[in-house]
Amino acid sequence: QQQQMQRYTQQSQQQQQQQRQQQAVALKKQDAGRKQEEHMKRQTEAKAASAIRKGLNKYKAVVPETFEAMKTELVTTLTTAMPTLGSQAAVVQAEFEKVLTAMTAKCEQMNELRKKNEDRLKEMERKRDEAKATSKKLTEELAKLVEAGEQVSKKFAEQVKVLSEKTDLTSESSVNRACGKVEAEGERANEKVMAMVEFVKTHTNAIKSVPGNHNKDKEEDGTPSFNALQKAAYAIKASVDKDIRALKAAQVKFLAKASAGDVVKKQKVIFSKYDKNRDAMLDKKEILAFGKGEYNNFTVPEATLDMIFTVIVEPKAKGVKFDDFTRLVAAIGVARERAQDLERRAVREEREQELAVDKAKIQVVIDEILAVIKEASTAVTELGVQVRNLPKDAKEMKAVAMVAKAGELEESVKEVEAKLKAAQEHVDKFGETDIKDLAMWAKSEKNRLHLSTKNLESSITRAKATITNFASGATKKDEAEVKTFGATAMARLRAFLAAEQATPAELFKKVAGYKSTFDKDMFAAFMVTTPKAEGEKEGEDIAEEDFARAFAILDEEKSGAVSEETLVAMFRKVMKVVKDVAMTGSLSIKDTKSVRRLEVGEAVEVLEGPVEEGDLKRIRAKALLDGQEGWLSVSGSAGTKFLEDGGSTFKVVKDTILTECFDLDAGTNKAATRKLKAGELLEVRTWGKKQDGSGLTRMRCKAKSDGMIGFVTTIGNTGIKFVELV
């Protein structure tokens, strides 16, 4: 029974499960159908909305004429499709209103533009009508001017023609009267023509701005066109200009004819005046009288008379007839001109002789000046020869020889300049002559002399430039050589100190003996005894005079002598503390007392060593801060560095001054005082000491930038540092 109950329960559960599954499938089918229906509905609405939207595009082509029809069509389409739009109805309705608004705005804009175009066209038509009226009026005015111009032009042309055919104008007055009347008419004609041409120039643009064919000869009503009138106007002007030229030519012709008639009349009067025997001929006596009377008392030469009677007088005639009077006048004129030429030549030759004498006197002065210039020129040439090889000499000569040669050449330049100055003074004194005919020549000669001196001056200037460059090169070469010799000398002195294990003070005694200073000769004499230092080439020995030049490296104060203090300062060995280290009283660090502890940045002067003490390198030194002496370790057993080379170079950290004396207020030489700017480097010569009274710590040093020696404040009385160890 229990088993049956179990089977029954299982079957019941299975049936319930199947029912639930069937219900779930049915619900699922029902839900899918509903979703399918909704999807189909949305698709239908979307298609309807899309169709309407596509249809809306054609309404973009609306124009005012089709606006009402398209609006009605659009409303009908929307009303018909509205039931099928569903959820899209509101969106499509908004798009419809938007399209309708755009159609309305477009048509309103088009109507406005059309109205503006119509107004513009009307305005253009009005202006065109006004321009046509103006053009017609101007053309009519021009026609009147052309008609008036033609009338006066014809009248003037007729008068010119009549005048040119006249034959009774035999005097100048009659010619001027007749031509004056015609000329007045010509002026009236020219005035009319110019008014006509000016009218054309003024109104051409206004007339041609009216549209139309301006090349035609007649208007539509048969009247002459502006183009035809313009051509006629310029033709009339050309005609009047031609007639004016013809009038002037006729006047010239008539005046020439009248003038010739007057000349003949005058000649007849003169001929009759000297034809004393009234035989219509001039014999020799009468010709002589004619020459004296008409040619300023000129006596006709016998040869001229013979020529006249041979060439001009007809055979068997007694004299010159009136028809040949013009030839007689020409013959006598030629004879008189020839006589005047002979007189002028005699005067000229006499004047030329006088000028030759005056010119010779001036030439003597010029020759004297030329001699002075030649002397200067010779000196300039010789100087040029000496200067020519200077570039080559600069490469081959030593600095000392170069300096000497530069000095010699500078003296030569002074001598040459003196000679040139003398020549220039002679030229300046040479005055221009008061003789008019020689003034230009004398001025030209003076300019030539000036040019000669100028050329010499230019040559001297070029030579001086070359000498200056040579001297500058000599100075640079001297500095380089002194630097080289100085470096060699310093190397030998250091080698000497090392080899002899001597101190700088002992070195000073070797050089100076028992004197307090030594000079360049003592220094050079000692140096030639020193062996070569490492790095010096064999066979390249330095002469004693070159060691004397190297003395300048030691003579920092340019006094010509070096003191023990200066030499010791230059050769002492200074080391700086790079790690705190103890100064002890003896070489051995065992069982010794500590003098004091030296801090980083302090400097010490090496007095002895380095000496090896076990694994340590030790030196005996003097602390430059307080002068205490003792032994220091250069490096530790583990390789730690306590000291390293250096300590004699300081850098300015705050602007201060370099003075001549230790006492800041004692210096009176301003030239020996200069400002030191932050960053400048200084080499120690005497270590710092406190100045009594002021509390300033002062140190003697050398500025590396310019080599100036002096005293500088290292620490102020308030503890401010002006310089610090590099």
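Count residues from 1 along the sequence.
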[X] with [Y]: basic N within carboxylate O range, under 4.0 Å:
{"X": "Glu65", "Y": "Arg114", "answer": "yes"}
{"X": "Arg120", "Y": "Glu123", "answer": "no"}
{"X": "Glu286", "Y": "Lys276", "answer": "no"}
{"X": "Lys237", "Y": "Asp241", "answer": "yes"}
{"X": "Lys127", "Y": "Glu130", "answer": "no"}
{"X": "Glu118", "Y": "Lys115", "answer": "no"}
{"X": "Asp306", "Y": "Lys284", "answer": "yes"}
{"X": "Lys161", "Y": "Glu158", "answer": "no"}

Subject >> Step-by-step side-chain contact (heavy atoms from CB on, under 4.5 Å) determination, Thr72 to Phe67 >> reply: CA-CA 9 Å; Thr72 302; Phe67 176 75; over 6 Å; no

4.5 Å side-chain heavy-atom contact, [X] and [Y]:
{"X": "Lys106", "Y": "Gln109", "result": "no"}
{"X": "Val380", "Y": "Leu420", "result": "no"}
{"X": "Arg351", "Y": "Glu354", "result": "yes"}
{"X": "Arg177", "Y": "Ser174", "result": "yes"}
{"X": "Val329", "Y": "Ile270", "result": "no"}
{"X": "Trp441", "Y": "Gln363", "result": "yes"}
{"X": "Val160", "Y": "Ile244", "result": "no"}
{"X": "Leu409", "Y": "Leu390", "result": "yes"}

**OP:** For side-chain contact (heavy atoms from CB on, under 4.5 Å), just list the numbers for Lys292 and Phe298, CA-CA rounded to whole Å, side-chain angles, deciding distance to a tenth of an Å, and then say yes or no.
**Re:** CA-CA 5 Å; Lys292 287 183 178 293; Phe298 173 65; over 6 Å; no

Original post:
Which pairs count as ring pair (Phe, Tyr, Trp, His ring centres under 6.0 Å) when at least one residue sits in residues 336-361, sequence neighbours excluded?
Top reply: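 For residues 336-361, and leaving out neighbouring residues, there are no ring pair (Phe, Tyr, Trp, His ring centres under 6.0 Å) pairs at all.
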
**OP:** Any ring pair (Phe, Tyr, Trp, His ring centres under 6.0 Å) involving residues 312-357? Give me the pairs, sequence neighbours left out, ordered by first then second residue.
**Re:**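 Ring pair (Phe, Tyr, Trp, His ring centres under 6.0 Å) check on residues 312-357 returns Phe271-Phe322, Phe271-Phe325, Phe290-Phe325.
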
Donor-acceptor contact below 3.5 Å, side chain [X] vs main chain [Y]:
{"X": "Thr139", "Y": "Ser135", "result": "yes"}
{"X": "Asp283", "Y": "Lys318", "result": "no"}
{"X": "Thr66", "Y": "Val62", "result": "no"}
{"X": "Asn190", "Y": "Gly186", "result": "no"}

Starting at [atom1] of [X], measure out to [atom2] of [Y] and round the result to the nearest 0.5 Å.
{"X": "Leu383", "Y": "Leu456", "atom1": "CG", "atom2": "CG", "answer": "11.0 Å"}
{"X": "His426", "Y": "Gln424", "atom1": "NE2", "atom2": "CD", "answer": "12.0 Å"}
{"X": "Arg345", "Y": "Arg348", "atom1": "CZ", "atom2": "CZ", "answer": "6.5 Å"}
{"X": "Leu145", "Y": "Leu229", "atom1": "CG", "atom2": "CG", "answer": "9.5 Å"}
{"X": "Thr304", "Y": "Glu302", "atom1": "OG1", "atom2": "CD", "answer": "9.0 Å"}
{"X": "Gln340", "Y": "Asn296", "atom1": "CD", "atom2": "CG", "answer": "8.5 Å"}

Can you name the closest pair of heavy atoms from [X] and [Y] and give their distance?
{"X": "Ala331", "Y": "Ile308", "answer": "CB-CG1, 4.2 Å"}
{"X": "Ala406", "Y": "Ile467", "answer": "O-CG2, 4.2 Å"}
{"X": "Ala189", "Y": "Phe156", "answer": "CB-CB, 4.1 Å"}
{"X": "Val146", "Y": "Ala233", "answer": "CG2-CB, 4.3 Å"}
{"X": "Asp243", "Y": "Ser153", "answer": "OD2-O, 4.3 Å"}
{"X": "Met281", "Y": "Ala317", "answer": "SD-CB, 4.2 Å"}

Subject >> Derivation of the side-chain contact (heavy atoms from CB on, under 4.5 Å) call for Ser444 and Arg448 >> reply: CA-CA 6 Å; Ser444 173; Arg448 186 166 64 86; 5.6 Å; no

Original post:
For Val311, which residues count as a side chain to side chain contact (heavy atoms under 4.5 Å, CB included) partner, sequence neighbours excluded?
Top reply: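 So Val311 forms a side chain to side chain contact (heavy atoms under 4.5 Å, CB included) with Met307, Arg327.
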
**OP:** Determine which pairs satisfy salt bridge (Lys or Arg N to Asp or Glu O under 4.0 Å) with at least one residue from residues 263-274, sequence neighbours left out, and list them in order.
**Re:**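 Output for this query lists Lys273-Glu294.
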
Original post:
Applying salt bridge (Lys or Arg N to Asp or Glu O under 4.0 Å), which residue pairs with at least one partner in residues 415-428 are found, sequence neighbours left out?
Top reply: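 Residue pairs passing salt bridge (Lys or Arg N to Asp or Glu O under 4.0 Å), neighbours aside: Glu417-Lys464.
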
**OP:** Please test Val193 against Met196 for side-chain contact (heavy atoms from CB on, under 4.5 Å), starting from the C-alpha separation and ending with a verdict.
**Re:** CA-CA 5 Å; Val193 168; Met196 178 176 59; 4.2 Å; yes

Original post:
Do Arg462 and Ser459 meet the criterion of a side-chain donor-acceptor pair at a distance under 3.5 Å?
Top reply: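 Present: a donor and an acceptor within the cut-off.
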
**OP:** Please indicate whether Glu352 has more than 12 foreign heavy atoms, meaning atoms of other residues, nucleotides or ligands, lying under 6.0 Å from its CD.
**Re:**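 Counting neighbours around CD of Glu352, more than 12 heavy atoms of other residues, nucleotides or ligands fall under 6.0 Å, so yes.
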
Original post:
Which residues satisfy the side chain to side chain donor-acceptor pair (under 3.5 Å) test with Glu337, sequence neighbours excluded?
Top reply: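 Side chain to side chain donor-acceptor pair (under 3.5 Å) list for Glu337, sorted by chain: Arg344.
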
Original post:
Taking the six-membered ring where the residue is Trp, are the ring centres of Phe199 and His203 under 6.0 Å apart?
Top reply: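 Yes.
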
